[in-house]
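Below is one structure, written out as structure tokens; the observations come after it.
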Amino acid sequence: MPVDILQTRDMYVPLISICVITYKRPAQLQLLIESLMSQSIFSQHTVEIIVTDNDSSASAKPVVSSLINRGSDIPIFYELEPVQGIPYARNRAVSLARGKYVAFIDDDEKADSLWLEALHRCLTTYDVDAVFGPVEPIFPEESPIYLRQSGFYDRPHHRDGTRILSGRTGNALVKKSWIDKFDEPFDTKLRLTGGSDSDFFARILKCGAQFCWAEYAIVHEFVSSDRLQLKWLLMRAFRGGQGHAWRNAMKRRFMGKLIHFLYRSLLLLFSSCMFLVFIPFGRQKSVWWLRKVFSNAGQLSAFLPYQYEEYKQSNYR
């Protein structure tokens with residue numbers, strides 16, 4: 001019997017592997033795994049949970065061991081990846097996955113009970129290779145009101161089944177056959193800059209994979225206090241712009257790069273002017289435009305020998 005098919009109730013059903021990587025978030029990890037253990041899909045499919053700990057001191061092990069000892073029909077596997085870096089941890093996790101499908105969710109999130117069922121239904125209904133769902137922020141009590149209302153932490157929403165052209169691992173389900181095409185699906189050269197998940201999905205998209213949106217596969221993300229700082233918002237916008245340019249513009253020929261440079265230069269100038277215009281109208285609007293300034297600056301920075309390393313040791317998570 002193939003390892004990605006298990007027999008349940010006299011029927012052969014595809015195994016789904018849920019991959020979680022974690023780094024020094026034991027309390028949030030427990031909430032996440034508990035939400036995974038209450039998924040509605042368990043009545044229809046066989047599921048395994050794989051936790052890869054990227055903390056060399058194994059801070060997640062007591063949490064995982066405690067949950068395993070509770071007793072559950074859902075197998076939970078723990079693995080330590082001592083080499084620090086998100087792509088190393090992701091590669092270790094997917095190397096352990098036996099399922100026909102691999103789901104991804106972050107260790108600072110928790111899933112609605114219908115999450116995995118909605119992802120799987122969308123993938124099979126629309127006959128695509130990967131699906132992605134919404135991530136809703138949960139703010140700490142001390143967060144400023146303007147940030148709660150700003151929309152800065154909101155992820156895009158689309159109509160269920162909408163075809164999309166990018167993806168990330170914060171809320172995803174992908175056919176494992178695409179992962180198996182690569183020795184290292186997640187590029188370890190991006191261990192300090194981030195973006196190895198977007199890079200992976202961009203590569204399989206170019207190889208012919210098709211993506212769509214699962215609007216009802218909802219997860220909730222806990223916004224940490226360090227991410228309430230203006231510096232984090234601006235540098236995350238910068239990193240996003242830089243990563244987008246690396247994956248797209250920098251792979252074009254000379255004329256394509258020139259057009260990108262001129263276009264982003266104009267947008268940088270425009271967003272800078274708009275930032276100055278909106279300063280008198282309140283922090284929310286002015287910061288919105290300032291994030292655009294940093295995003296376009298990140299796009300242009302790809303032309304320089306500079307990489308913003310968000311996950312270097314001093315900044316890691």
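All residue numbers refer to positions in the sequence shown, counting from 1. Just so it is clear, the model here is predicted, and its values are computed rather than measured.
- R98 places no side-chain N or O within donor-acceptor distance of the main-chain N or O of S17, the cut-off being under 3.5 Å.
- Members clustered with V102: V94, F104, F132, I164, L165, V174, W178, I179, F182, F186, F200, F201, I204, L205, F211, W213, by chain and number, using a 4.5 Å side-chain heavy-atom cutoff among hydrophobic residues.
- Closest heavy-atom contact between A111 and I105: CB-CD1, 3.9 Å.
- Side-chain contact annotation: T52 with E81, donor-acceptor N/O pair under 3.5 Å absent.
- Not one N or O on the side chain of D53 forms a donor-acceptor pair closer than 3.5 Å with the backbone of Y23.
- Atom CZ of residue F281 and atom CH2 of residue W288 lie 15.5 Å apart, to the nearest 0.5 angstrom.
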Evaluation steps, salt bridge (Lys or Arg N to Asp or Glu O under 4.0 Å), between K110 and E34: CA-CA 8 Å; K110 65 177 183 177; E34 287 174 345; over 6 Å; no

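- Two residues are said to be in side-chain contact when any heavy atoms from C-beta on lie closer than 4.5 Å; R227 and R236 meet this criterion.
- Inter-residue side-chain proximity for E48 and I74 is flagged as unmet; no heavy-atom pair is nearer than 4.5 Å.
- A distance-only check finds no donor-acceptor pair linking the side chain of D129 to the backbone of A209 [under 3.5 Å].
- Nearest heavy-atom pair, G161 versus C212, reported as atom, atom and distance to 0.1 Å: O-CB, 3.8 Å.
- Side-chain contact check for R90 versus I21: some heavy-atom pair is nearer than 4.5 Å.
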Show every donor-acceptor pair shorter than 3.5 Å between a side-chain atom in residues 134-147 and any protein atom, with sequence neighbours excluded, or say none if there are none.
unit_1	atom_1	unit_2	atom_2	d
E136	OE2	H157	NE2	2.8
S143	OG	P140	O	2.8
S143	OG	R148	NE	3.0
S143	OG	R148	NH2	3.3
Y146	OH	R283	NE	3.3

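- Remark: K285 is not positioned above the aromatic ring of W289, lacking an NZ or CZ atom under 6.0 angstrom from the ring centre and at most 45 degrees off the axis.
- Judged purely by atom type and a 3.5 angstrom limit, S295 has no side-chain atom pairing as donor or acceptor with the backbone of R291.
- Across E215 and H158, no two heavy atoms sit closer than the pair OE1-O, 2.9 Å.
- Tracing side-chain contacts under 4.5 Å through hydrophobic residues (I, L, V, M, F, W, Y), one never reaches V51 starting from F77; they form parts of separate clusters.
- Under the 4.5 Å side-chain heavy-atom criterion for Ile, Leu, Val, Met, Phe, Trp and Tyr, Y306 and V293 are members of the same hydrophobic cluster.
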Residues E310, M235; criterion side chain to side chain contact (heavy atoms under 4.5 Å, CB included); working and verdict: CA-CA 8 Å; E310 181 176 0; M235 294 313 297; over 6 Å; no

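- Proximity of a side-chain donor or acceptor of S286 to a complementary backbone N or O of I279 within less than 3.5 Å is not detected.
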Stepwise side chain to side chain contact (heavy atoms under 4.5 Å, CB included) test for I86 and Y311: CA-CA 9 Å; I86 290 174; Y311 296 104; 3.9 Å; yes

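- Under a 4.5 Å side-chain heavy-atom criterion applied to ILVMFWY residues, the cluster that includes L267 comprises Y263 as well.
- Looking at R163, its side chain never comes within 3.5 Å of a backbone N or O of Q210 through a donor-acceptor pair.
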Side chain to side chain contact (heavy atoms under 4.5 Å, CB included) between L123 and K175, worked out: CA-CA 9 Å; L123 187 143; K175 292 179 179 177; 4.0 Å; yes

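- In this structure a side-chain-to-backbone donor-acceptor pair under 3.5 Å is missing from T188 to Y88.
- No more than 12 heavy atoms of other residues, nucleotides or ligands lie within 6.0 Å of NZ in K189, so this atom counts as exposed by the packing criterion.
- I18 pairs in a side-chain contact (heavy atoms from CB on, under 4.5 Å) with only one of the listed residues (I33, I76, L116), which is L116.
- Summarising the geometry of L119 relative to A214, their closest heavy-atom pair is CD2-CB, 4.0 Å, with the distance given to 0.1 Å.
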Criterion side chain to side chain contact (heavy atoms under 4.5 Å, CB included) on L268 and S272, from CA distance to verdict: CA-CA 6 Å; L268 177 61; S272 299; 4.1 Å; yes

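- Checked by atom type, the side-chain pair T193/Q307 shows no donor-acceptor distance below 3.5 Å.
- One hydrophobic cluster holds both Y153 and L230 under the rule that ILVMFWY side chains link at heavy-atom gaps under 4.5 Å.
- At least one side-chain heavy atom of R247 sits under 4.5 Å from a side-chain heavy atom of S198.
- Within 6.0 Å of atom OH in Y216, 12 or fewer heavy atoms from other residues, nucleotides or ligands are found, so the atom counts as exposed in its surroundings.
- Taking OG from S57 and NZ from K24, the interatomic distance works out to 6.0 Å, rounded to the nearest 0.5 Å.
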Would you list the atom pairs, donor with acceptor, under 3.5 Å between side chains in residues 59-68 and any protein atom, with sequence neighbours excluded?
unit_1	atom_1	unit_2	atom_2	d
S59	OG	D55	OD2	2.7
S65	OG	K61	O	2.9

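- With rounding to the nearest 0.5 Å, the separation of OG1 in T169 from CG in D197 is 4.0 Å.
- Here S38 contributes atom OG and L114 contributes atom CG; the two are 10.0 Å apart, rounded to the nearest 0.5 Å.
- Hydrophobic clustering of Ile, Leu, Val, Met, Phe, Trp and Tyr side chains at less than 4.5 Å, counting indirect connections, unites F275 with F294.
- The structure places SG of C122 at 12.5 Å from CD of E117, a figure rounded to the nearest 0.5 Å.
- Inter-residue side-chain proximity for N54 and T22 is flagged as unmet; no heavy-atom pair is nearer than 4.5 Å.
- When side chains are defined from C-beta on, K292 does not count as touching M274, because their heavy atoms never get closer than 4.5 Å.
- In terms of modelled atom types and a separation under 3.5 Å, the side chain of T162 and the main chain of R159 share a donor-acceptor contact.
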Just distance, no hydrogens or angles: give the donor-acceptor pairs under 3.5 Å from side chains in residues 217-224, sequence neighbours left out.
unit_1	atom_1	unit_2	atom_2	d
H220	NE2	D112	OD1	2.9
E221	OE1	R155	NH2	3.2
S224	OG	D226	OD1	2.5

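- With no hydrogens or angles considered, a side-chain donor-acceptor pair links N171 and W115 at under 3.5 Å.
- Of the possible polar contacts, one joining the R203 side chain to the P185 backbone as a donor-acceptor pair under 3.5 Å is found.
- Enclosure of atom NZ in K176 by more than 12 non-hydrogen atoms of other residues, nucleotides or ligands within 6.0 angstrom is indicated.
- Residue L258 is grouped with residue F303 when hydrophobic side chains (ILVMFWY) are merged at heavy-atom distances under 4.5 angstrom, including chains of intermediate members.
- Under the 4.5 Å side-chain criterion, counting only non-hydrogen atoms from C-beta, E79 is not in contact with I50.
- Between S301 and Y308, every side-chain heavy-atom pair lies at or beyond the 4.5 Å cut-off.
- The number of heavy atoms from other shown groups lying within 6.0 Å of CZ (F278) is above 12.
- Here F254 pairs with nothing under the ring-ring contact (aromatic ring centres under 6.0 Å, His included) rule; sequence neighbours left out.
- The backbone N or O of D106 sits less than 3.5 Å from a side-chain atom of E109, completing a donor-acceptor pair.
- Atom CG of D183 sits in a sparse spot, with 12 or fewer heavy atoms from other residues, nucleotides or ligands closer than 6.0 Å.
- Taking each heavy atom of A245 and A302 in turn, the nearest pair found is CB-CB, 3.6 Å.
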